[in-house]
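Worksheet for the structure shown next.
Lettering follows sequence order; numbering is per chain, from 1.
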Number of protein chains: 2
Amino acid sequence: MNKHIQLPAGSASSPIYDVLRRDLVGGRFKAGEKLAINALKEQYQVGLSPLREALNKLAAYGLLVQENQRGFRVPKLSREELDDIARLRTELEGMALERAIAHGDAVWEADLLAAAHRLKRADITLDKGEEWERLHTQFHRTLVAPCGSVWLLRFIEQLHDQFDRYRRLGPKMPTIRQELDDQHHELVELALKRDASAARALMDDHIHKSYEVALARYQKHA
Amino acid sequence: MNKHIQLPAGSASSPIYDVLRRDLVGGRFKAGEKLAINALKEQYQVGLSPLREALNKLAAYGLLVQENQRGFRVPKLSREELDDIARLRTELEGMALERAIAHGDAVWEADLLAAAHRLKRADITLDKGEEWERLHTQFHRTLVAPCGSVWLLRFIEQLHDQFDRYRRLGPKMPTIRQELDDQHHELVELALKRDASAARALMDDHIHKSYEVALARYQKHA
DNA sequence: GTAGGTTAAAAAATCGATTATTTTGTCTAA
DNA sequence: TTAGACAAAATAATCGATTTTTTAACCTAC
């Protein structure tokens, strides 16, 4: 199923990579924190080699910074970077959405409806919201999936992860969920109607609202 | 010097990483080729661990594909991907150039003139063109450096490397060098004149011409 | 008291060897 | 012949130990 949605090339991810990525995006590490490799080894019950290889990949991906001979750190957060990410997301996801609306077929329409429905039905209190987060990511991924550019999808995914480092700061998050969730459904409607410019405008607004959530969390955090 | 041009965060690259990246971009490996790790170990005179960590980073960066338990491969080339890369380059570098022209200061102007001059003076026959390639990359990097978005610069650099996998197929390359080189100088002129839309139009054309070179090489190659 | 320098402890990176997996080659049976 | 199973070889991945580098603690001289 979902043969439309192909993973970006170059990634045969190990379990430890996936878990670390999830935890980094989910904010289980403090920004700026130095990772104690031996501690991680025990905490995640993995050997040194697989762990180091995962850390190297995460550094290349941008979820860690690798310093000369002094290990790995969680990247700092900054207002400037958040603005940068949000702005780029607006441009790239807008572009991708337009293209997806131009090229998406009936299977896409079905996938989209399904993804939106699953997201709406998801219990946000479950599993610390992890399940909702997964479905939310999946929804946005589905939305732009048939844009026709593997590299654009790759960059969008990367920015999404970076953005979520800000948006998911602090505890839980059923903040203004209803409003954002309504936008998800509006986005589906406009996509099905093939109204590219309206969809793009709504996407701009959607990202902007998410940005405001992220910014508020970032400022409370600091 | 060049304090304007900061590396994208997250990269403290090892020697072996840099060399492998250069060789992958420069086409010293066949597309689709499977890398024999033990051979690489001897060829580059490095240990297994540093080598594997470099390969993992390159896979995350997109210059290698990592398959489940069967090592690393050089990614295949395809017409579709080349089109994708060229199109995205046009959009992202155009965007970045506009922003750079809006924000670049006097130091940038000087850097730009210097980079263009060094490129023009470079002897393309030297060192199999490596020196020219280095200066060419540096010129394009300088051009967009003050765009204000670290992430945009990161993506542009990545796409540039991917693009060069096509453009640098086959031997040497003083193809239509003169024409492209003239464009470099025109770009500098328009940038200094702060004519964003003309600069962007020229950049579009420049990338398109490079694309034609790359496409021709790709088709001859296959 | 503090700056500079030495040493000890901690941590990161690398190495050599082992283990697990895949690939190749060979044999047998239909 | 050829498909399938088995064994052997090759290769990838992982582990445990060693080496190197950084960080911290301590001491001495000014």
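- Comparing atom distances between the B:Leu48 side chain and each of C:dT14, C:dA17, C:dA13 picks out C:dA17 as nearest.
- Per the geometry, CG belonging to A:Leu40 stands 13 Å off C1' belonging to C:dA12, to the nearest Å.
- One interatomic measurement links the two molecules: CG of A:Leu51 to C1' of C:dA11, which rounds to 14 Å at whole-angstrom precision.
- Within the nucleic acid shown, B:Ile16 has no heavy atom closer than 4.0 Å to any nucleic acid atom.
- Residue A:Asn68 is classed as a sugar-phosphate contact, given heavy-atom separations below 4.0 Å to backbone atoms only.
- Contact annotation: the side chain of B:Gln158 approaches that of A:Phe155 to within less than 4.5 Å [non-hydrogen atoms, C-beta and beyond].
- More than 12 heavy atoms of other residues, nucleotides or ligands sit less than 6.0 Å from atom CD of B:Gln43.
- Comparing B:Lys34 and B:Gly47, the nucleotide of DNA chain C nearest to each residue sits closer to the 5' end for B:Gly47.
- Between B:Glu157 and B:Arg21, at least one side-chain nitrogen of the basic residue sits less than 4.0 Å from a carboxylate oxygen of the acidic one, meeting the salt-bridge criterion.
- No contact: A:Lys41 has no heavy atom under 4.0 Å from any strand.
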Exercise answer: donor-acceptor pairs, residues 28-35 of chain A side-chain atoms, under 3.5 Å, sequence neighbours excluded:
{"unit_1": "A:Arg28", "atom_1": "NH1", "unit_2": "A:Asp23", "atom_2": "OD1", "d": "3.3"}
{"unit_1": "A:Arg28", "atom_1": "NH2", "unit_2": "A:Glu130", "atom_2": "OE2", "d": "3.4"}
{"unit_1": "A:Glu33", "atom_1": "OE1", "unit_2": "A:Lys30", "atom_2": "N", "d": "2.8"}

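- Between A:Leu51 and A:Tyr44 there is no side-chain heavy-atom pair separated by less than 4.5 Å.
- Taking the nucleotide of DNA chain D with the nearest heavy atom to each of A:Val46 and B:Gly71, the more 5' of the two is matched to B:Gly71.
- Taking the side chain as every heavy atom from C-beta outward, B:Phe139 and B:Leu143 approach each other to under 4.5 Å.
- Running 5' to 3' along DNA chain D, contacts with non-hydrogen atoms of chain A at under 4.0 Å begin and end at D:dT14 to D:dT23.
- We find that CD1 of B:Ile37 is positioned 14 Å from P of C:dT23, with the value rounded to whole Å.
- Atom CD of B:Gln69 is separated from atom P of C:dT19 by 17 Å (rounded to the nearest Å).
- We find that CZ of B:Phe72 is positioned 16 Å from C1' of C:dT22, with the value rounded to whole Å.
- What separates CD of B:Glu67 from P of C:dT21 is a distance of 17 Å, to the nearest Å.
- Atom CD of B:Glu53 is separated from atom P of C:dT14 by 7 Å (rounded to the nearest Å).
- For the pair A:Arg52 CZ and C:dT14 P, the computed distance is 7 Å after rounding to whole Å.
- Side-chain N/O atoms of B:His136 and B:His160 include no donor and acceptor closer than 3.5 Å.
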